[in-house]
Q: 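The structure under discussion is supplied below as structure tokens; questions concerning it will follow.
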Amino acid sequence: MTVTTRFAPSPTGRLHVGNIRTALHNWMLARKAGGRFLLRIDDTDAERSREEYVDAIRADLAWLGLDPDGEERQSARLDRYETAFERLRAAGRVYRCYETAQELDLKRKVLLGRGLPPVYDRAALALTEDDHAAKATAGVAPHWRFKLDHDEPIAWDDGIRGAQKFDPAQLSDPVIRRADGSWLYMLPSAVDDLDMGVTDVLRGEDHVSNTAVQIQMFSALIAAGDGGAMPRFAHEALLVGSEGKLSKRLGSLGCDAFRERGIEPEALVALLARIGTSLPVEPIADRSVLVASVDLATFGRAPARFDEAELERINTAIVHQLDYAVVADRLPQGMDAAGWHAVQPNLATVGDAAEWWRLVTGPIAQPAFSDEDRAYLAEAARLLEWREDPWHALTAALKQATGRKGKALFLPLRQALTGMDHGPDMAELLPLIGEVEARARLERAAKG
Ligand code: GLU
């Protein structure tokens with residue numbers, strides 16, 4: 001079977017760093033195995049799903065470089081869920097219920113008050129056909145629950161958590177369909193995973209108990225002749241902020257926010273690929289390296305810490321590795337490969353290039369110089385010769401002519417030529433400034 005993973009967001013909001021991480025890991029697992037990575041839009045909730053979010057999810061994945069091999073939409077598969085539902089109904093695995101949210105809430109409170117797990121009591125299973133008919137006459141439509149088989153223990157070997165066991169009697173029969181006929185996430189997801197040949201379901205550990213009930217759904221669907229095979233499951237530990245807590249901030253951090261801060265997708269990918277695993281977090285810009293090293297066996301059970309300061313450090317290190325061709329369309333006008341090369345080591349973000357580039361294009365504001373420095377800069381203007389490596393030629397000539405060295409030799413030149421005390425390597429910058437402009441700047445500084 002071709003390894004097939006999927007990322008299944010509900011288009012009810014933008015992607016945040018937590019689900020970006022899940023998408024990334026699914027993408028990496030598929031790429032490593034030479035398999036398929038599917039994007040599945042979980043849009044059965046027509047009221048909360050928005051087309052703009054579907055577009056945003058696609059755009060975010062494209063920005064991250066997580067190219068799906070196929071896209072599916074649950075809203076286009078409603079007939080399919082109906083068929084699967086009818087099979088389960090024929091097999092006696094779904095049943096009608098009428099409790100209101102308030103009634104269910106009360107039942108839960110009573111159980112919790114007695115120190116018992118808040119498991120649905122299956123009261124609706126005792127209803128007779130007459131009871132159902134009475135509800136229908138009264139215009140009350142049922143919602144539907146999937147009937148867990150209490151005699152079938154639930155167990156799986158989780159790719160991250162190891163052996164997992166659940167007693168079905170300790171779980172509520174999940175509601176799979178609302179009274180208005182619409183679907184909750186559980187059944188469509190299982191139907192899709194079977195239909196789409198999903199071999200590996202990797203998602204957050206908040207889905208562990210969903211997996212427990214879905215495993216029985218998979219079995220029931222397969223037994224009812226629905227085809228397909230049960231996927232493997234793995235649940236990754238949740239993402240927490242640097243302070244070690246689940247933070248609201250993480251829920252609002254998405255691709256736009258990162259892009260605006262000058263974070264490169266490669267930096268986000270390098271960090272998210274490895275936090276929470278036993279592999280070192282490194283500024284790896286080459287995705288194939290990350291893909292080759294992904295291994296669920298390295299994923300830990302402890303929450304993965306997402307530290308924004310670490311992201312910035314990785315980003316800077318990645319920016320220092322980026323080729324001109326990759327960033328060319330984001331650079332200021334006129335900045336060529338030599339310009340990029342000159343400023344690159346000084347950048348925290350690609351966007352900073354514009355600021356450094358102004359040192360080349362001008363105008364620059366020079367500081368006030370002492371008389372002595374002005375004489376020195378006048379000498380520099382005279383000695384400036386335009387040839388291969390003009391900076392080293394100039395400083396060598398000045399050293400000889402004036403006896404200056406170190407800071408006294410270099411700093412007034414840098415200040416006169418760029419208006420700054422620090423910055424990119426002058427040997428790279430000077431040829432970019434050009435002879436005419438360089439001489440003009442030196443002369444202007446000499447005049448004071
Ligand atoms: N739409 C579900 C979610 O976003 C999908 C979960 C899954 O099966 O991966 O939580």
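Just follow the structure's listing: the first ligand is 1, and inside any ligand the first atom is 1. Quick caveat, the model's predicted, so the values are computed rather than measured.
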Q: What I want to know is whether Ala8 and ligand 1 share at least one N or O pair that is separated by under 3.5 angstrom.
A: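 Between Ala8 and ligand 1 (N or O atoms, distance only) the closest approach is under 3.5 Å.
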Q: May I ask you to decide if the ring planes of Tyr95 and Tyr120 are parallel, tilted or perpendicular, using 30° and 60° as cut-offs?
A: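 Aromatic pair Tyr95/Tyr120 classed parallel.
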Q: Hey, can you tell me if Tyr81 and Trp183 have their rings parallel, tilted or perpendicular (30° and 60° cut-offs)?
A: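 Judged by the thresholds at 30° and 60°, the geometry between Tyr81 and Trp183 is perpendicular.
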Q: Identify, by atom number and element, the atoms of ligand 1 in contact range of Arg203, meaning under 4.0 Å from any of its heavy atoms.
A: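 That gives atoms 7 (C), 8 (O), 9 (O) of ligand 1.
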Q: Report the part of Phe7 (side chain from C-beta onward, or backbone N, CA, C, O) that has a heavy atom under 4.0 Å from ligand 1; answer both or neither where that applies.
A: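 It is neither; nothing of Phe7 touches ligand 1.
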Q: Give the atom numbers and elements of ligand 1 that come within less than 4.0 Å of a heavy atom of Arg6.
A: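 In order of numbering, the contacting atoms are 7 (C), 8 (O), 9 (O).
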Q: Say whether, by atom type as modelled, one donor and one acceptor occur between the side chain of His235 and the main chain of Ile160 under 3.5 angstrom.
A: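 No; judged by distance alone, with no hydrogens or angles, the pair does not exist.
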Q: Taking atom CD as the centre, does Glu51 end up with more than 12 heavy-atom neighbours from other residues, nucleotides or ligands that are less than 6.0 angstrom away?
A: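 Result for CD/Glu51: enclosed.
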Q: If you round to the nearest 0.5 Å, how far is CD of Gln344 from CD of Glu428?
A: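 Reported value, rounded in 0.5 Å steps: 9.5 Å.
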Q: At what distance is the nearest protein heavy atom to atom 10 (O) of ligand 1, and which residue and atom is it?
A: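 Atom 10 (O) of ligand 1 sits closest to the protein heavy atom His207 NE2, 3.0 Å.
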Q: Can you find an N/O atom of Asp42 closer than 3.5 Å to an N/O atom of ligand 1?
A: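 Such a contact does occur with ligand 1.
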